[in-house]
Every structure is written in structure tokens, then in C-alpha cells.
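Chain naming here is simple, since letters A, B, ... match the order of the sequence lines and numbering starts at 1 in each.
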Amino acid sequence: MIIKYFSWIREHVGKSEEEINLPESVITIDDLINYLISENDVYKIAFLKRDLIKIAVNKSYSSTSTKINNKDEIAFFPPVTGG
Amino acid sequence: MIIKYFSWIREHVGKSEEEINLPESVITIDDLINYLISENDVYKIAFLKRDLIKIAVNKSYSSTSTKINNKDEIAFFPPVTGG
Amino acid sequence: MKKIESVLIKIKIQKNDFDVSKETKQLNINQPGAIVNFIGIVRGLDDKTNEKIYSMTLEHYPGMTETEIETIIYDASKRWKISAVTVIHRIGKLFSSDQIVFVGVASKHRQNAFNACNYIMDWLKTKAPFWKIEESSKEKKWVKFNASDNDAIKKWTEIK
Amino acid sequence: MKKIESVLIKIKIQKNDFDVSKETKQLNINQPGAIVNFIGIVRGLDDKTNEKIYSMTLEHYPGMTETEIETIIYDASKRWKISAVTVIHRIGKLFSSDQIVFVGVASKHRQNAFNACNYIMDWLKTKAPFWKIEESSKEKKWVKFNASDNDAIKKWTEIK
């Protein structure tokens, strides 16, 4: 699975993209966030304002309850500020 | 008094502008229209759709009851169609 | 550009075409944030009869036109905070696809620019003394006032 | 330009500046009658702190940005009859007074062009994945989402 990070989330995680192998226990986006946080403290800081963070699965807006699989492209980013 | 005509009113009257000496009996725009019609038949045709015609006195929208004097510039024109 | 209260205003009635980029750049002063442009285009078909229009010719009432447009801009500036407005209206002979009118509004916030531009255009359509004659292959005819333009201004008495 | 249903669509995410005249001319096809452009300008002062901003840098999510904007244009075309839409959004480093975003809409009737342009801009502000970092003399900071942009989209659920 490819995970992308943008804006200040990217800066906290320290990379814009990474590839991970999804553990079987991870079913939803929520599970994925919990898994990442358990792996490394940088995610704890990145996901501190968890309610604020926007999620995309395969470049479409999704929610924390969205089910994911190893072929998906996941992205985490703050509310958008373009225009 | 200068009177200006625009669009199809100008075409009916046959001129874009004329100078007349206001008779004493003419107090309002309504009087002026009646006076013009009494003078020449071209005005009868020009002012046939009288309710439709817009009036300006000294370049400001006015109504048929507006009082006028010999120093005013009067304009008669159809509803506008710019833009 | 002329200044009315705090709004920079430019009004031009001209035969020549206008350059939308140049006008946009001129509105981009004092940190506007948002610029909204309206550009009216000459249509090649009559809206009702679908008849092909070869050309149109516009006349106006010099002096009154400018005053009316200035009043409209002034009224818009009382309703929305705007920083600059440009209105250019062409006269004379125009052909299908020609640019005929430009209304550009600059503001700090986009909704003010959208509303003021829309408002100025609606009122220009019902108040500014311009008249169009349309030339098709068959005839020349004066364009009739469009009743929908009177409906358009109604929204400004409802929304604030 | 790409065509979705009967609407010609152009979406560009680019570092380079855009030319408003050129974009307007490209929208002037199939007898539109009306073209409405929105141009966003980089402001040199922070809206809340009034602090001077030296520059800003924009990043986005390639692929998702284009899809989101296309969806917004598609939704707009279901609500209003429009003939062509161009959206250009710049990325990279921009300075005060630079043009940042262009939304142009062509339609036969002006109210449709005004509404669709306004709608696309409002939704772009809340949905298109762009992020700005502002650089002042003191610091670099990520721009916070503006709550008023969430309020802006509410009007589209009220007016039809």
C-alpha cells in the first residue's frame, strides 16, 4: 500500500510517500492510523489533531471507517487552502 | 430647449436633435409631448407607444409629470438594450 | 482612474475592442484578493427567432451613459466593499463573437466581487442608455427590451 | 479542451502565469453571450494578523486535484446551462499581487455564467487538494483553513 502525506502532516511524518505492507488486522482507515501510531512516534504527532485530518482513498475523499486493502493509495492531508 | 431622440424614436422624428422655444402652456413633459403631436404628425407616430417611451431631463431619468423649463435638455428614447 | 469614496473607477464608451488582461491588471492594485470580470459577447443568432445576425450597431446617449453607470457603481459600492471597478462598453458596428461589454470588479473578498459585478451588469442592462440595431440578411431591426432583464434586477431588492 | 456532456472543459495545474485575454478568447466559442472570469490574487498581507507576507508556496495532490475540479465542474453543469469552463491553478512559489487561480465560465445567459463561476470557485476552495505555506520575514507557516469557506458553500444548498 502507498501512503501519501501532504502539507504539515508530510513535515511531521518526514516523508511525502511511503510503501507499507498492510497487516491483516488493518481493515479500515481508522485501523491504519492506529497501526502507524503504534509503529512510530512521528505518527503520533502527525495524527494528533485526528478529527481535522482529511483522507483520500485512491484519490477520492473517504472517511475513517472506509475499508482498505493493500492495493489502495491512501492520502492524509489537512483541510485544503488553495484558491 | 434642446430635445434629443434616440433609436427608433429618432428614426420616426427624422432627426436626432432639435431646438424649440417652449410655449408658455407647456409645464410638464406630458404637455411637451402633446404640444409636439399637435405640431406635426411625425410625432404622433413617434409617440404612439407613449407608455413605453423613457424620458430624461438633463440626462437624468424623469417621468411625464416632471416640470420643465426652456433651459432643460430633454431626451426621448425606447427601453435600453445595451450590454 | 477616478476615485469615488474609496473605489477606483474607470468608465469608457468606445468603438475599439478592449484587452481583458490589461483591464484585469489595472484592477489588481491595493491587494484585492479577488477580481471578477464579466464579458458580454455578440451572439450570431437571434435568441427568439434563431435567425442569423450579420452585425449589430450600437448607439448611446453621451454624457447620460457615463452618469448612469457611475451611479450604478456608486450604489454597488454602498452594498459591498469593493476596491476598483472598470466598465467598458463598445459602440458602433459589431459582429458575431465580438466583445461588447466589460465589467470588472476588484475586492478583498470574492463574494463581494461576484455580487458587485453581477449587480452592475444587471443594472447596466436596464438603465444605461444604449440601443442596438440588428442587421440580418433580411432586415435591420431595433432590438426589443428583454423583459427578463427587469426580472434580473428584482433579486437585488430581495437579497442583501 | 476536453468535453464532458456538452461542456468544453480545460483544467490546468501549472507553475506559469496565465493570460486572462487568451483564456477568455478560448471560452468564446459556440456563441456564448456571456463569460464570467474569477481571478484570485496573492495578497501581501495576512488577513488576520495584518503581517506582511513575503511569498507563498503551493503544493497539491496531482491526479486528485484534477479529478476533484472535474467533479465540481460537472456538478455545476447539472445546475446551470453552461458551454465551456476553464480552471487554471498555479503551484510553486508566488509573490504578492501574482495571479493564483483562474475560473472562467461561458454561457448563453449571464446569470448561469455568474452562478457557475461562483459555485466552482467556492467548491474549489473547500475540496481541491491544494495547500499554501506563507513566508513572512519572521517565519514560514501553513495557512489555516478558512471557516468562512465552509459557510460560502452553504448558499448552494439554499438557492437553486
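Contacts between residues 52-69 of chain D and chain C, counted as heavy-atom pairs separated by less than 4.5 Å, involve no residue at all.
Heavy atoms closer than 4.5 Å to chain C are found nowhere in D:Val103, neither backbone nor side chain. For a residue to count as touching a neighbouring chain, one of its non-hydrogen atoms must lie under 4.5 Å from one of that chain's; by this rule D:Glu23 does not touch chain C. Contacts of D:Ser97 with chain C are made by both backbone and side-chain atoms, with heavy-atom separations under 4.5 Å. Heavy atoms of C:Ser96 lying under 4.5 Å from chain D belong exclusively to its side chain. Heavy atoms of D:Ala152 lying under 4.5 Å from chain C belong exclusively to its side chain. The parts of D:Lys108 that come within reach of chain C are both its backbone and its side chain, each placing non-hydrogen atoms under 4.5 angstrom from that chain.
The backbone N or O of D:Val20 sits less than 3.5 Å from a side-chain atom of C:Ser21, completing a donor-acceptor pair. The backbone N or O of D:Gly44 lies less than 3.5 Å from a partner atom in the side chain of C:Gln31, making a donor-acceptor pair.
Counting heavy atoms of neighbouring residues, nucleotides and ligands inside a 6.0 Å radius, atom OH of C:Tyr74 does not exceed 12 of them. Atom NZ of C:Lys141 has more than 12 heavy atoms from other residues, nucleotides or ligands within 6.0 Å. The environment of D:Lys10 atom NZ is dense: over 12 non-hydrogen atoms of other residues, nucleotides or ligands sit within 6.0 angstrom.
Scanning all heavy atoms of the two residues, the minimum distance from C:Arg110 to D:Asp122 falls at NH2-OD1, 2.8 Å.
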Problem set entry | side chain to side chain contact (heavy atoms under 4.5 Å, CB included) between D:Asn118 and C:Gln111, worked out | CA-CA 8 Å; D:Asn118 197 348; C:Gln111 203 51 59; 3.0 Å; yes
Exercise. Are C:Asn37 and D:Phe38 close enough, and set up right, to give a side chain to side chain contact (heavy atoms under 4.5 Å, CB included), and what steps lead you there?
Worked result: CA-CA 7 Å; C:Asn37 295 334; D:Phe38 175 86; over 6 Å; no
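Of all the listed residues (D:Arg43, D:Gln99, D:Lys25, D:Lys22), the one sharing the greatest number of non-hydrogen pairs under 4.5 Å with chain C is D:Arg43. For chain D, the option among C:Ile39, C:Leu45, C:Ile29 with the highest count of heavy-atom pairs below 4.5 Å is C:Ile39.
Atom CD1 of C:Ile41 sits about 12.5 Å away from atom CG of D:Asn30, to the nearest 0.5 Å.
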